[in-house]
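Worth saying up front: this structure is predicted, and the values here are computed from it rather than measured.
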Amino acid sequence: TWDQIQGTWFYNPESGVTTVVELRVPQIGALPLDSLWGICISGQPAVRIPRDSISRTSVIFAQLKPVGAISYFAYEGALRDTIEVAAYNPVTGLPFRKGKVPRSSSTYRTRILHFQTGEVRPLSAENLIIWVGSDAELRRALGQLRETDPEKLLRAIEVYNQRNPIRFNK
């Protein structure tokens with residue numbers, strides 16, 4: 001339980017993201033953070049975000065909302081690409097040197113998690129259509145969406161989870 005764990009972490013209730021710097025168990029020592037799939041804080045599960053998706057040295061866990069057969073999570077990720085830049089001669093105004101420069105920017109990423117398989121995909125109507133499988137009514141409604149409307153996609157997840165509850169054996 002969290003009562004037994006010592007460490008340094010910060011939970012942001014607005015974003016649902018937990019930033020973990022270090023976790024220690026007194027009898028065992030430091031826990032290797034990259035080996036954790038997820039954590040649970042106050043009964044709310046969160047999944048670890050791969051380091052190559054974020055621009056931080058600490059480990060980030062994103063809260064699952066809602067928790068069900070299909071869950072949703074979001075986080076701010078790093079987008080890395082290269083752009084071509086040119087240096088111009090101030091006298092002639094012509095480029096005299098060109099090169100590719102790496103660039104990093106932030107982007108808000110929304111993902112869905114399939115509970116039974118553990119598969120993670122971007123939130124989209126196309127991906128939800130694949131996962132809702134035999135629910136013809138929900139597949140038809142998702143297929144009629146003209147653009148990706150996050151509110152409608154989240155509502156579709158809620159409907160699917162109500163129709164397909166997860167059961168745990170005690």
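How far SG of Cys40 is from CZ of Phe61: 12.0 Å, rounded to the nearest 0.5 Å. Taking CG of Leu142 as the start and CD1 of Ile130 as the end, the distance is 11.0 Å to the nearest 0.5 Å.
Tracing side-chain contacts under 4.5 Å through hydrophobic residues (I, L, V, M, F, W, Y), one never reaches Tyr11 starting from Ile5; they form parts of separate clusters. Both Ile129 and Leu138 are members of a single hydrophobic cluster when ILVMFWY side chains are connected at heavy-atom separations under 4.5 Å.
Ion pairing between Glu158 and Arg155 holds under the 4.0 Å rule for side-chain N and carboxylate O.
Residues Leu145 and Leu153 are in side-chain contact: their nearest non-hydrogen atoms beyond the backbone lie under 4.5 Å apart. Looking at Arg121 and Trp131, their side chains come closer than 4.5 Å, going by heavy atoms from C-beta outward. In this structure, Glu84 and Lys98 have side chains that are in contact, with non-hydrogen atoms separated by less than 4.5 Å. Using a 4.5 Å heavy-atom threshold, the side chains of Trp9 and Glu22 count as separate. Counting only heavy atoms from C-beta outward, the side chains of Thr110 and Pro150 never approach each other to under 4.5 Å.
Residue-environment remark: CD (Glu151) stays at or below the threshold of 12 foreign heavy atoms within 6.0 Å. Around the NZ atom of Lys65, the shell of radius 6.0 Å holds more than 12 heavy atoms that belong to other residues, nucleotides or ligands.
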Quiz item: Can you check side chain to side chain contact (heavy atoms under 4.5 Å, CB included) on Asn161 and Ile70, steps first, answer last?
Solution: CA-CA 7 Å; Asn161 287 343; Ile70 298 175; 4.1 Å; yes

Exercise. In sequence, state the C-alpha distance, the side-chain angles, and the governing distance for Val120 and Ile112, and then conclude on side chain to side chain contact (heavy atoms under 4.5 Å, CB included).
Key: CA-CA 6 Å; Val120 174; Ile112 50 176; over 6 Å; no

